[in-house]
Amino acid sequence: MELSLSPTSHRVPSTIPTLNSAKLSSTKATKSQQPLFLRFSKHFNSIGLHHHSHRCCSNAVPERPQRPSSIRACTGVGASGSDRPLAERLLDLKDACWRFLRPHTIRGTALGSFALVARALIENTNLIKWSLFFKAFCGLFALICGNGYIVGINQIYDISIDKVNKPYLPIAAGDLSVQSAWFLVIFFAAAGLSIVGLNFGPFIFSLYTLGLFLGTIYSVPPFRMKRFPVAAFLIIATVRGFLLNFGVYYATRAALGLAFEWSSPVVFITTFVTFFALVIAITKDLPDVEGDRKYQISTFATKLGVRNIAFLGSGILLVNYIVSVLAAIYMPQAFRRWLLIPAHTIFAISLIYQAWILEQANYTKDAISGFYRFIWNLFYAEYAIFPFI
């Protein structure tokens, strides 16, 4: 997955209307009469305001009929469109930035934060103050910035492989320039570190810095730890499992004026999510086998095969659910049996069913992607019930 910026490909429809000499000379005259800003509009692509319509150029026949005297190529000139309204270009940039943040990871971060803060407040309802909500909002924004930095730096160094595995991502699709991506990740890192440093003390700042460091060495050469399967899934499990859960709960109790103290539910969710993050770490490569093999990236999926890894991830998650049910049975004083047992039984049955669907679909790329999305839905569901267990 080396950083590679290949030139934009130019594809012209296979059928090009014949132009007689009169039309050709007319076309040349028209071109020479174009306003100066239109002839130089190609230089505006570097700011990242690319329009999604340029993707249509990959088809042999344009989706909409074109004038005989015009031939459109995927250069991004028509895509950036200096003649398009500024509001429309800004909407395109906003969409590209949102996709750059990888929304499914932001949902996981936000849900985890809400759940852990809610749990700390439920345990200490007498200490709730309105002033805490602003601090909680600052903490959530800092976590989203950290999340954006980690997934963003990964996209910057994975352009070539993303063109194979995830062509819809904004840099790979040409909707966001590399320069704009660098600006965003630098902003995320600076904003997150500033917020945490000013509001949450040196210990949480050190945890936050550790998370950014691990996210950096995961993607950036010469470290690029994602090349090594064990190191890669340990980093993901540490950041999304331990650091997020422990850090948010610690920061919330500190904001309430309390010393840190483990509670049974927090031990449960930290352990559960750390193992769940291992599952995410090994199954996230399932849809990416084609590109990983092409660029010689070693993952468990390329080494052991998609089917084996799907079964391994499902097995780890099933063990997680079984242990959760047993914890509710043998520790009734710590957990609400009426919620923990039925919820995790339903989750486990749903997982088995989805694994069966994947098997029946013969592990097609669409089926694998659907299975991976379902894994994330189970992740969200665990945080949704956590405050009430």
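Keep in mind that the numbers below use all heavy atoms, side chains included, and drop hydrogens, waters and symmetry copies.
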Could you go through the salt bridge (charged side-chain N to carboxylate O under 4.0 Å, His left out) check for Asp158 and Lys166 one step at a time?
-> CA-CA 10 Å; Asp158 274 4; Lys166 302 180 180 76; over 6 Å; no
Do Leu210 and Leu193 sit in the same hydrophobic cluster, where Ile, Leu, Val, Met, Phe, Trp and Tyr count as joined when their side-chain heavy atoms come under 4.5 Å apart?
-> yes
Does the side chain to side chain contact (heavy atoms under 4.5 Å, CB included) test come out yes or no for Asn147 and Arg240, once each step is laid out?
-> CA-CA 10 Å; Asn147 192 104; Arg240 188 159 289 283; 3.1 Å; yes
Between Phe272 and Phe276, how do the two ring planes meet: parallel, tilted or perpendicular, split at 30° and 60°?
-> tilted
Is it true that a side-chain atom of Gln155 and a backbone atom of Phe100 form a donor plus acceptor pair closer than 3.5 Å?
-> yes
Do Phe242 and Ile217 share a hydrophobic cluster, counting only Ile, Leu, Val, Met, Phe, Trp and Tyr and linking them when any side-chain heavy atoms are less than 4.5 Å apart?
-> yes
Would you say Tyr321 and Leu378 make side-chain contact, with heavy atoms under 4.5 Å?
-> yes
Is there a path from Trp98 to Phe188 through hydrophobic residues (I, L, V, M, F, W, Y) whose side chains come within less than 4.5 Å of each other?
-> yes
Considering only heavy atoms from C-beta outward, does the side chain of Cys145 approach that of Tyr208 to under 4.5 Å?
-> yes
Asn154 and Ser219: which non-hydrogen atoms are nearest, and at how many Å?
-> OD1-OG, 2.9 Å
Separation between CG (Leu121) and CG (Leu127), nearest 0.5 Å, reads 9.0 Å
Heavy-atom closest pair (Ala237 atom, Ala277 atom, distance to 0.1 Å) is CA-CB, 3.6 Å
Considering non-hydrogen atoms only, spot the tightest contact between Tyr249 and Ser263 and give its length.
-> OH-OG, 3.7 Å
Report the C-alpha distance between Lys226 and Thr299 in whole Å, list the side-chain angles of each, state the deciding distance to 0.1 Å, and finish with yes or no for side chain to side chain contact (heavy atoms under 4.5 Å, CB included).
-> CA-CA 8 Å; Lys226 66 185 300 177; Thr299 66; over 6 Å; no
So do Val239 and Leu244 actually touch side chain to side chain, heavy atoms under 4.5 Å?
-> no
Check whether more than 12 heavy atoms from other residues, nucleotides or ligands sit under 6.0 Å from atom CZ of Phe260, and answer yes or no.
-> yes
Considering non-hydrogen atoms only, spot the tightest contact between Ala255 and Lys135 and give its length.
-> CB-CD, 4.3 Å
Counting only heavy atoms not in Phe203, do more than 12 sit closer than 6.0 Å to its CZ atom?
-> yes
Is the closest side-chain heavy-atom distance between Arg89 and Leu86 below 4.5 Å?
-> yes
What is the distance from atom CG of Asp285 to atom NZ of Lys303, rounded to the nearest 0.5 Å?
-> 12.5 Å
Show the numbers, then the answer: is there a side chain to side chain contact (heavy atoms under 4.5 Å, CB included) between Phe379 and His104?
-> CA-CA 10 Å; Phe379 186 78; His104 69 284; over 6 Å; no
Does Leu169 reach the side chain of Arg102, with side-chain heavy atoms less than 4.5 Å apart?
-> yes
In terms of hydrophobic clustering (I, L, V, M, F, W, Y; side-chain heavy atoms under 4.5 Å; direct or indirect links), are Ile341 and Phe386 co-clustered?
-> no
Give, for atom CZ of Phe388 and atom CG of Leu339, the distance between the pair rounded to the nearest 0.5 Å.
-> 8.5 Å
CZ/Phe374 to OH/Tyr353 distance, rounded to the nearest 0.5 angstrom?
-> 10.5 Å
Would you call the rings of Phe246 and Tyr250 parallel, tilted or perpendicular, where under 30° means parallel and over 60° means perpendicular?
-> tilted
Just wondering, do Tyr218 and Tyr157 contact through their side chains at under 4.5 Å, heavy atoms?
-> no
Partners of Phe233 by ring-ring contact (aromatic ring centres under 6.0 Å, His included), sequence neighbours excluded?
-> Phe300
For Arg227 and Pro222, which heavy atoms make the closest approach, and how far apart are they?
-> NH2-O, 3.3 Å
Donor-acceptor pair, side chain of Asp162 and main chain of Ala172, under 3.5 angstrom = no
Flag for Tyr149-Thr216: side-chain donor and acceptor within less than 3.5 Å | yes
Do Asn245 side-chain atoms and Thr270 backbone N/O form a donor-acceptor pair below 3.5 Å?
-> no
Mutual orientation of the aromatic rings belonging to Phe347 and His344 [parallel < 30°, tilted 30-60°, perpendicular > 60°] = perpendicular
In terms of hydrophobic clusters joined by side-chain contacts under 4.5 Å, are Val151 and Leu214 together?
-> no
N/O donor-acceptor pair under 3.5 Å between Arg337 side chain and Pro332 backbone | no
Are Phe133 and Phe137 close enough that their ring centres sit under 6.0 Å apart?
-> no
Do Asp292 and Thr302 have side-chain N/O donor and acceptor atoms under 3.5 Å apart?
-> no
Got Phe275 and Leu278 here, is their nearest side-chain heavy-atom distance under 4.5 Å?
-> yes
Look at atom OH of Tyr380 and say whether more than 12 heavy atoms of other residues, nucleotides or ligands are closer to it than 6.0 Å.
-> yes
Taken to the nearest 0.5 Å, the spacing of Asn320 CG from Ser324 OG works out to 5.5 Å
Quick one: do the Asn377 and Arg107 side chains pair a donor with an acceptor below 3.5 Å?
-> no
Check whether more than 12 heavy atoms from other residues, nucleotides or ligands sit under 6.0 Å from atom CD of Glu290, and answer yes or no.
-> no
Tell me yes or no: between the side chains of Tyr372 and Trp376, is some donor less than 3.5 Å from an acceptor?
-> yes
In Å, rounded to the nearest 0.5 Å, how long is the span from CD1 of Ile150 to OG1 of Thr105?
-> 9.0 Å
Evaluate whether atom CZ of Phe228 has more than 12 neighbouring non-hydrogen atoms of other residues, nucleotides or ligands under 6.0 angstrom away.
-> yes
When every non-hydrogen atom of Val279 is compared with those of Leu317, the smallest separation belongs to CG2-N, 4.1 Å
Answer yes or no: is there a side-chain heavy-atom contact under 4.5 Å between Ile349 and Thr345?
-> yes
Apply side chain to side chain contact (heavy atoms under 4.5 Å, CB included) to Leu176 and Leu184, showing your working.
-> CA-CA 11 Å; Leu176 189 71; Leu184 288 173; 4.1 Å; yes
Tyr168 versus Asp175, side-chain donor and acceptor atoms under 3.5 Å | no
Can you sort out the partners of Leu318 under side chain to side chain contact (heavy atoms under 4.5 Å, CB included), two or more places apart, ordered by chain and number?
-> Ala348, Leu351, Ile352
